[in-house]
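These notes are about the structure you will find just below.
Atoms within each ligand, like the ligands themselves, are counted from 1 in listed order. Sequential numbering from 1 along the given sequence is applied to the chain's residues. Keep in mind that what you see is a predicted model, and the values were worked out from it rather than measured.
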Amino acid sequence: MVSVLTTQPLDRPLDYKAPPGGVADGAFVLVPLGPRLVMGVVWGRGRGGFDLSKARGINAVLPVPPMREEMRDFLEKAGAYTLTPMPAMLRLATRAPGLTDPPSMRKVYRMGEGEPDRMTDARSRVLAVLEEFGGLAFTLKELSEAAGVTSSVIKGLVKQGAVSEENTPRDLPYPTLDPSLPGKALTEAQEAAADDLRAGLRAGSYGTTLLRGITGSGKTEVYLEAVAAALAQGRQALVLLPEIALSAEFLTRVEQRFGAKPAEWHSGVTMTERRRTWKMVAEGGAQLVVGARSALFLPFRDLGLIVVDEEHDSSYKQEDGVLYNARDMAVLRASIAGAQVVLASATPSLESWVNAQAGKYRRVDLKSRFGAAVLPEMKAIDMRAEEVPSGQWISPALRQAVNQRVEAGEQSLLFLNRRGYAPVTLCRACGHQIECPQCDARMVEHRFLKRLMCHQCGENMPVPETCPKCEAEGTLAAVGPGVERLTEEATALFPEARIATLSSDLFSSARALKQAVATIAGGGADIIVGTQLVAKGHNFPALTLVGVIDSDLGLHGSDMRAAEKTFQLMRQVAGRAGRADKPGQALMQTYQPDHPVIRAILSGDEEEFWNAEAESRHQAGMPPFGRMAGIILSAEQADVAMAAGMELARHDGPIRAAGAVVYGPAPAPIARVRGWHRVRMLVKAPKGVALQRAVSDWVAGVRLPKNLRLAIDIDPQSFF
Ligand SMILES: [Zn+2]
Ligand SMILES: [Zn+2]
């Protein structure tokens, strides 16, 4: 009798009769559940406690490598940490299609032993192609295309033995990466940092290193040396990247370093390729995976290294479904697998900075910029002293600086972290602002698409001709800037310049975006108008000026991470300038030049900023010096969500017993999303409290209505 965990929403694994001869722990199996067959994983011995003759049997053991104990342990611990039921954790670990199918085969064609009875033109072309490519095998389609013949010509040659037909598995191993190839020449600083990382890998046990390298310091080359060390040991490596767009450039670098491309895992990968990656990772046919956060749940056979690049990036926090932070889960997985973690960033998260200060993580600093490049000069433009006409956002000072660059044949970046044309559409007659019908959010005008769009739920509609409230005609006005509007302004101000806009919603695919980035990097534009997208690691060698349109944008609001995020974003954006041999300059338009965050950015003294920020969080008992959990209640009726929150607040015994405090309920800052009303609660606890247990006891002790959704967010990153 064995216990089988399935992806079905049950509260525990179920017992099944093992097949004759038994079944290994971790085996992937098909089991009957009600009238259906579902996939599951053998999770240990059965619990018993019922009539054994009534137990159903395992239907089939699937031909994929069993889930290793290390992986099962990881899923259990990650589930316990994030308070996620195990079926949902198993779903994360099996997100590849066709795992239940028999191993899929395909036919390939090679040169055979026999001779054709008579030679025709078409036949000789087929044989010539096979000759030219030596012993290589072709699919039928490839061979008929290469030879310019129909498939029946090839089939005819097969019959006569002149061409051989073989069956091979469809999912083939990835090409071998060679860690012994010479990498790029490293600077002395890079070599020293790489040595530190290699030492960690030699230890062969768990350890985390914060690799802090300012933008342009060449930290990618450094951690690729750690990857090389892992591969040389015969272990696998995983590199997590925050943005798909990054991977094009990155894959090329990997290929240059190791002679072949790695496996990829992200939303842009086809289903067939996903299955291949999943299987090859499990069988050891993939040495290196480059992927998005969910790659952490791949079934590595021998994981030796996880690199989390741009570890501070907020996209590592999954905000839908299973709420986990990939950075923290990487550390957890590595600690179980006996692997090394490298957290790489120019501007680390406060959490990682504090862990390094406390000695929990090693810290390696890469100070000098690679090559001749130096950090850009940073200056504020005090907007209180600038005369900017209404409806425009580029100050005379910034305009002058851009003009100089255009004349010198250098690139400028105008940075505004706001997609679309204008954030607000307002009726000049009655003051009505157009909001999303389903969310508590304003509709953002996207002029290229000629639509109003909700950035919360994606709802969109044509821009109306009349005000939906007072029905006045032609009174709707765009208020405030988005990148599209900034492009319009730049086009008017710099009529001679070639202007390119980079915003995620302007590209239909990751490939189109890659293409645009490559064109711009090659000198295809004089001025780039861009959102946060450009802050993320793209290289623009001719870029020497960054103009930040609204440096104050992130400083408002109630988010405790506002200062940290603004600091990181501004440093990253400024770091785009002057990466080749020309020095760069960053000009930040601000109405608050004396704000501590703006001053810290300008002074360039990062340690001072982190120290001050850590001190203020410490004082307030905020993470990472205290712990938090967010509770999000949503329901179709506002009063249902609020009443449930009140009920939870009244029964907060388990929370108080743990020494923690409950705040709320209160309507969430975005109180309605997709028609669901949202109420938030916050649990704050001192460090060292068993927060997860207190929260699960608390929630389990209160009867909640059926038409209510409850989500628990341990270590919340955002509070919307
Ligand atoms: Zn109106
Ligand atoms: Zn909406």
Practice task
Please confirm whether Arg447 makes a cation-pi placement over Tyr421, using NZ or CZ under 6.0 Å from the six-membered ring centre and within 45° of the ring normal.
Solution key: yes
Handout entry: N/O/S atom of His455 inside 2.8 Å of the Zn ion (ligand 2), strictly under
Key = no
Practice task
Please find out if the Zn ion (ligand 1) and some N, O or S atom of Cys467 are separated by less than 2.8 Å.
Solution key: yes
Exercise for the section: Ignoring hydrogens and angles, tell me if any N or O in the side chain of Arg293 forms a donor-acceptor pair with the backbone of Ser315 under 3.5 Å. Expected result: yes
Exercise for the section: Can you tell me, to 10 degrees, how wide the angle at the Zn ion (ligand 2) is between SG on Cys454 and SG on Cys436? Expected result: 110°
Completion exercise
Between Pro624 and Arg617, the two heavy atoms sitting closest are CD-NH1, 4.0 Å
Exercise for the section: Work out which heavy atom in Ile394 is nearest to a heavy atom in Glu489; give both atom names and the distance. Expected result: N-OE2, 2.9 Å
Handout entry: Apex the Zn ion (ligand 1) - arms SG from Cys470 and SG from Cys430 - angle rounded to 10°
Key = 110°
